[in-house]
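Just so it is clear, the values below take in all heavy atoms, side chains as well, and ignore hydrogens, waters and symmetry mates.
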Amino acid sequence: VLTLRYPLSKNTIRFSSDLRRWDLQEAVFLRIGKVYAIDIELMNGKRKSISSRFNAEGFQKVLQYLEANYKERRKVDEW
């Protein structure tokens, strides 16, 4: 279970039932450097994103958990 907290609300995601796919994205910004984001696609069609910019420790925990338990649901690049 992952709980995402926002200033006025929170969302709870149960990976075992809610997760359709996930992917790791990388962006390079001139001022802040390299930033990573986990893009999560849910079964109901909604998407959530977790960025390494604001909470690097929490980001690493979620990434390690997804790679260890849900590697088969990682989105395959279509290049």
Side-chain angles (χ1 to χ4, degrees):
V1 175
L2 174 67
T3 302
L4 301 173
R5 294 192 175 138
Y6 303 100
L8 300 175
S9 66
K10 70 177 182 176
N11 289 343
T12 302
I13 299 171
R14 286 175 175 50
F15 285 133
S16 60
S17 61
D18 295 340
L19 179 67
R20 178 178 291 164
R21 284 186 285 221
W22 68 277
D23 192 22
L24 182 64
Q25 300 174 343
E26 176 183 318
V28 179
F29 295 100
L30 187 61
R31 291 183 184 236
I32 57 175
K34 197 178 285 190
V35 176
Y36 294 94
I38 301 172
D39 180 41
I40 299 172
E41 183 180 346
L42 303 174
M43 289 293 189
N44 61 9
K46 293 184 179 181
R47 292 183 175 266
K48 301 292 180 185
S49 182
I50 302 169
S51 174
S52 65
R53 180 176 176 197
F54 301 109
N55 186 356
E57 184 178 316
F59 174 85
Q60 285 295 329
K61 287 180 183 179
V62 172
L63 180 60
Q64 289 173 352
Y65 182 79
L66 286 170
E67 286 182 338
N69 297 303
Y70 296 101
K71 192 170 190 120
E72 72 281 354
R73 294 189 192 181
R74 186 168 181 176
K75 185 177 176 183
V76 178
D77 291 333
E78 300 169 355
W79 293 80

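- Considering Ile50, Thr12, Leu19 as possible partners of Leu2, the one that fulfils the side chain to side chain contact (heavy atoms under 4.5 Å, CB included) test is Ile50.
- The OG atom of Ser49 sits 8.0 Å away from the CD1 atom of Ile40 when rounded to the nearest 0.5 Å.
- Tyr36 pairs by the side-chain contact (heavy atoms from CB on, under 4.5 Å) definition with Leu24, Glu26, Lys34, Ser52, Phe59, not counting sequence neighbours.
- A heavy-atom distance below 4.5 Å is found between the side chains of Tyr65 and Phe15.
- With sequence neighbours excluded, no residue satisfies side-chain hydrogen bond (donor to acceptor under 3.5 Å, both in side chains) with Arg74.
- Residues satisfying the side-chain hydrogen bond (donor to acceptor under 3.5 Å, both in side chains) criterion with Asp39, sequence neighbours excluded, are Arg47.
- Applying the salt bridge (charged side-chain N to carboxylate O under 4.0 Å, His left out) test to every pair with at least one member in residues 8-21, sequence neighbours left out, gives these pairs: Arg20-Glu41, Arg21-Glu41.
- If you chain together ILVMFWY residues whose side-chain heavy atoms come under 4.5 Å of each other, Val35 ends up grouped with Phe29, Ile32.
- Residues satisfying the salt bridge (charged side-chain N to carboxylate O under 4.0 Å, His left out) criterion with Lys71, sequence neighbours excluded, are absent altogether.
- The side-chain heavy atoms of Lys48 and Trp22, taken from C-beta on, include no pair separated by under 4.5 Å.
- Take Lys61 and apply the salt bridge (charged side-chain N to carboxylate O under 4.0 Å, His left out) test, not counting sequence neighbours, and it matches Glu57.
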